[in-house]
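The structure under discussion appears below in the form of structure tokens.
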Amino acid sequence: MNDRERRSALGDFLRKQRSRLSPEDVGLPTGARRRTAGLRREEVAQLSNIGTSWYMWLEQGRWKA
């Protein structure tokens, strides 16, 4: 598996896991209406104690090791 494929696989994994969780599952308030199921990227970043931009880069495969 090359670097591009690993990045893509990580992004797919993160998106799938994010879509499986609800705010209630992690102790967050439900809040306003959501367009898609699952947590928002900002919520995952906050729970992971990383910046939103960094999380988005991971999900989009734009990080460099």
Side-chain angles (χ1 to χ4, degrees):
M1 182 180 281
N2 66 32
D3 195 43
R4 176 181 251 171
E5 291 169 335
R6 280 198 318 270
R7 290 178 191 196
S8 179
L10 176 61
D12 290 341
F13 173 78
L14 292 172
R15 280 187 294 278
K16 286 177 186 174
Q17 295 305 312
R18 183 167 58 89
S19 70
R20 291 180 181 164
L21 292 171
S22 70
E24 298 86 20
D25 293 337
V26 295
L28 295 174
T30 304
R33 192 178 98 187
R34 295 172 181 263
R35 286 191 238 172
T36 59
L39 296 176
R40 294 182 173 116
R41 286 179 176 151
E42 296 82 7
E43 293 167 336
V44 174
Q46 180 184 12
L47 291 167
S48 303
N49 200 29
I50 62 173
T52 303
S53 295
W54 179 238
Y55 179 79
M56 286 182 358
W57 292 341
L58 287 172
E59 207 175 82
Q60 295 169 357
R62 297 192 300 164
W63 53 275
K64 294 271 185 184

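Start at 1 with the first residue, then count along the sequence. No experiment lies behind these values; they were computed from the predicted model shown.
Residues passing the side chain to side chain contact (heavy atoms under 4.5 Å, CB included) test with T52 are E42, A45, M56, sequence neighbours excluded. Qualifying side chain to side chain contact (heavy atoms under 4.5 Å, CB included) partners for N2, counting only residues two or more places apart in sequence or in other chains: R4, E5. The side chain to side chain donor-acceptor pair (under 3.5 Å) test applied to R15 returns D12, not counting sequence neighbours. Residues satisfying the side chain to side chain donor-acceptor pair (under 3.5 Å) test with Q60, not counting sequence neighbours, are R62. For S19, there are no side chain to side chain contact (heavy atoms under 4.5 Å, CB included) partners two or more places apart in sequence or in a different chain.
Counting only residues at least two apart or on different chains, the salt bridge (Lys or Arg N to Asp or Glu O under 4.0 Å) pairs with a member in residues 20-38 are R34-E43. Listed by first and then second residue, the salt bridge (Lys or Arg N to Asp or Glu O under 4.0 Å) pairs involving residues 47-59 are R18-E59, R41-E59 (not counting sequence neighbours).
L21 CG to Q17 CD: the interatomic distance, rounded to the nearest 0.5 Å, is 7.0 Å. Atom CG in L58 sits 11.0 Å away from atom OG in S53 (nearest 0.5 Å). One distance of note links OH of Y55 with CG of L47; it measures 10.5 Å at 0.5 Å rounding.
Smallest separation of non-hydrogen atoms from P23 and P29: CB-O, 3.7 Å.
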Please walk me through it: do R7 and D3 pass side chain to side chain contact (heavy atoms under 4.5 Å, CB included)? CA-CA 6 Å; R7 290 178 191 196; D3 195 43; 2.9 Å; yes
V26 and V44: CA distance, side-chain angles, deciding distance, side chain to side chain contact (heavy atoms under 4.5 Å, CB included) verdict: CA-CA 10 Å; V26 295; V44 174; over 6 Å; no
